[in-house]
Structure formats: structure tokens, C-alpha cells
Amino acid sequence: MLISSSIFLAGASRGVGQEIAKYLIAQQIQVKALLRTEAAAMAAKAMGVYPILGDALNVTDIEQAILGNEPIQAVISTLGGLPTDNIKPDYIGNKNLIDAAVKAGVKKFILVTSIGSGDSVVALPPQALEALKPVLIEKEKAEQYLISSGLNYTIIRPGGLKSEPATNNGIITENPQIVGTIHRADVAKLVCRCLNSDHTNNKIFSAIDRNMIYPGLPEFVEFNLD
């Protein structure tokens, strides 16, 4: 295992972020997580995560969390809002994280966004694109900010997310035309494998389940994580 110091995780209270926390803890990797509520912090602590109370929209909270005494090896962010949110954390929250990560000199920043962001916009059907557009715009801004930050980055764009147990059929590809669905637990596994893979540095991937790819798509190459 490459990781010797802490992984800083934003978005750990639910969804893919929570699955990432579980996976890293199972690998006996120290995880610090930013959580907005006492209840979320207590739940994370019970899982074995070191919780830090704070809001990603608050620069001071983020800096105090990341620029502490203990070194942060990598930052993983699954921060995301809903199309109905007035203030979406997808860009502002991630921008704050990226700025703090630059100051802290972290080795890697993994950002989880969504298929439909950036050049993968071509993969989404028009109806889905229309519904998700407000959030996708913010996610793309976060991606671009990370790319231009100078940090070692990996961007992972999952397809449609399901909450069932892992199938172990999650794959990543650099082809932005590919779309399908994937279980959150499988996205978490892919994220954690990218953490330890130099081959994934400064790359953007779409993540889908190899058995849940939408029909009628072009042939594509699966990225080899081994």
C-alpha cells in the first residue's frame, strides 16, 4: 500500500463517499472526513473514520481541516448537490478543497463527478441532460479548476448510480462516449484502486458496470488498473 498518512475525504456522509470510507477503513487506511453535522460525524466515527466538523463552502473550515499538523497524502471528493439546491457545492466546495490541497502539497486529488460532465456530455440522452444540466455545469467547472491547479489528479465520472452491493464488474474507460449504470460500492472500489495507481494520474475516466452498459454504443477500451 502506497498510503502511509491520512486520506482526506469530502462527501463521506452518504452515497459513493460513504462507500469509499468503508472500503479504505477495511484496508486499514486512516481516513479523515469533513462532515457538516454532529449526527453525520458520530456515524462516521462509529465506522472508524476521524471526523472533522465543517462545511466545504467555508474556506476557513477547509483550511483548518486540511492544513493541520498531520500530513494529508491525498484528497478524495464526492461533493455534489441536487439540481434544486440554491448553492451547489459541486464547484465552490471543490474549489475550496483544491485550493487547500495545493497549499498542503497533497500527492493526489481524486474528484468524482458524473458522466455528462465535460466532453462526456455526448453520452447522455437529451432528457437526462436537461434534468441534470444545472449540476453538470458546476461539475465541469470543478473539473477544469482541478486540471489547471497543478495537482496530480484523477477525475472519475460514474454513470447512473445504484445502491445494491458491489458486483465487482466496475470498469473505467477514457472513452467519453460510453454510458451505463454502476453500483456505488463498485465506484468506491475503482476510486480506491486509482489512489494507488500512477497510471491514472492526470486522466479522466467514465465508470460503468461492464454488464450494465447501454446498448448501441461504440466499441471501447477498458482501462487496465492492474
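The first residue of the sequence shown is numbered 1, and numbering continues consecutively from there.
Under the 4.0 Å criterion applied to side-chain N and carboxylate O atoms, E19 and K22 are assigned as salt-bridge partners.
Between L97 and S77, the closest heavy-atom pair is CD1-OG, 3.6 Å. Nearest heavy-atom pair across A123 and P176 is CB-O, 3.5 Å. Taking every heavy atom of both residues into account, L35 and P51 meet most closely at CD1-CB, 3.7 Å. When every heavy atom of C192 is checked against every heavy atom of I20, the shortest pair comes out as SG-CG2, 4.0 Å. Contact record, E70 with S6: OE1-OG, 4.1 Å, taken as the closest heavy-atom pair. Between A207 and I172, the shortest heavy-atom distance links the atoms CB-CG2, 4.0 Å.
Expressed to the nearest 0.5 Å, how far NZ of K139 lies from CG of L132 amounts to 9.0 Å. The distance from atom CG of L111 to atom CG of L79, rounded to the nearest 0.5 Å, is 8.5 Å. Within the model, atoms CD1 of I98 and CD1 of I147 stand 9.5 Å from one another, a figure rounded to the nearest 0.5 Å. In this structure, I155 CD1 and E140 CD are separated by 10.0 Å, a value rounded to the nearest 0.5 Å. The CG atom of L53 sits 8.5 Å away from the CG atom of L34 when rounded to the nearest 0.5 Å. Between the CD1 atom in I137 and the CG atom in D90 there is a gap of 11.0 Å [rounded to 0.5 Å].
With sequence neighbours excluded, no residue satisfies side chain to side chain contact (heavy atoms under 4.5 Å, CB included) with A43. Annotation: salt bridge (charged side-chain N to carboxylate O under 4.0 Å, His left out) contacts of K107 (sequence neighbours excluded): none. Residues forming a side chain to side chain contact (heavy atoms under 4.5 Å, CB included) with Y50 (at least two apart in sequence, or on another chain): K32, I52. Under the salt bridge (charged side-chain N to carboxylate O under 4.0 Å, His left out) criterion, D99 pairs with K95, not counting sequence neighbours. With sequence neighbours left out, K203 forms a salt bridge (charged side-chain N to carboxylate O under 4.0 Å, His left out) with E174. Listed by chain and residue number, R157 satisfy the salt bridge (charged side-chain N to carboxylate O under 4.0 Å, His left out) test with E143 (two or more places apart in sequence, or in another chain). Taking N175 as the reference, T173, Q177, I178, F220 meet the side chain to side chain contact (heavy atoms under 4.5 Å, CB included) condition, with sequence neighbours excluded. Listed by chain and number, the residues in a side chain to side chain contact (heavy atoms under 4.5 Å, CB included) with K162 are E164, T181, H183, M212 (sequence neighbours excluded).
Within the 4.5 Å cutoff, the side chain of L190 has heavy atoms near those of the I182 side chain. Between V106 and L151, the closest side-chain pair of non-hydrogen atoms falls below 4.5 Å. V121 has its side chain out of reach of L136: every pair of non-hydrogen atoms, C-beta onward, lies at least 4.5 Å apart. For the pair C194/I110, a side-chain contact is recorded, criterion being any heavy-atom separation below 4.5 Å from C-beta on. Side chains of P158 and I115 form no contact here, defined as non-hydrogen atoms less than 4.5 Å apart. The closest side-chain heavy-atom distance from I156 to I204 is not below 4.5 Å. With contacts defined as side-chain heavy-atom distances shorter than 4.5 Å, the pair P89/L57 qualifies.
Of the possible polar contacts, one joining the Q18 side chain to the S13 backbone as a donor-acceptor pair under 3.5 Å is found. Side-chain N or O atoms of T200 include none that pairs as donor or acceptor with a backbone N or O of T154 at under 3.5 Å. Listed for the S149 side chain is a donor-acceptor partner under 3.5 Å among the backbone atoms of L146. Although no hydrogens or angles enter the test, the distance criterion places no donor-acceptor pair under 3.5 Å between the side chain of S117 and the main chain of S114. The backbone N or O of A40 sits less than 3.5 Å from a side-chain atom of T37, completing a donor-acceptor pair. Side-chain atoms of D186 come within 3.5 Å of backbone atoms of N168 as a donor-acceptor pair (strictly under, hydrogens ignored).
Within the structure, the side chain to side chain donor-acceptor pair (under 3.5 Å) test picks out the following pairs touching residues 213-226 (sequence neighbours left out): R193-D226, R210-E222. Applying the ring pair (Phe, Tyr, Trp, His ring centres under 6.0 Å) test to pairs two or more places apart or on separate chains, none has a residue in residues 109-159. Judged as a salt bridge (charged side-chain N to carboxylate O under 4.0 Å, His left out), not a single pair has a partner in residues 145-154 (not counting sequence neighbours). Identified under the salt bridge (charged side-chain N to carboxylate O under 4.0 Å, His left out) test for residues 43-63, with sequence neighbours left out: E63-K103.
In the hydrophobic clustering of this structure, L67 does not group with I62; members are Ile, Leu, Val, Met, Phe, Trp, Tyr whose side-chain heavy atoms approach within less than 4.5 Å, directly or through other members.
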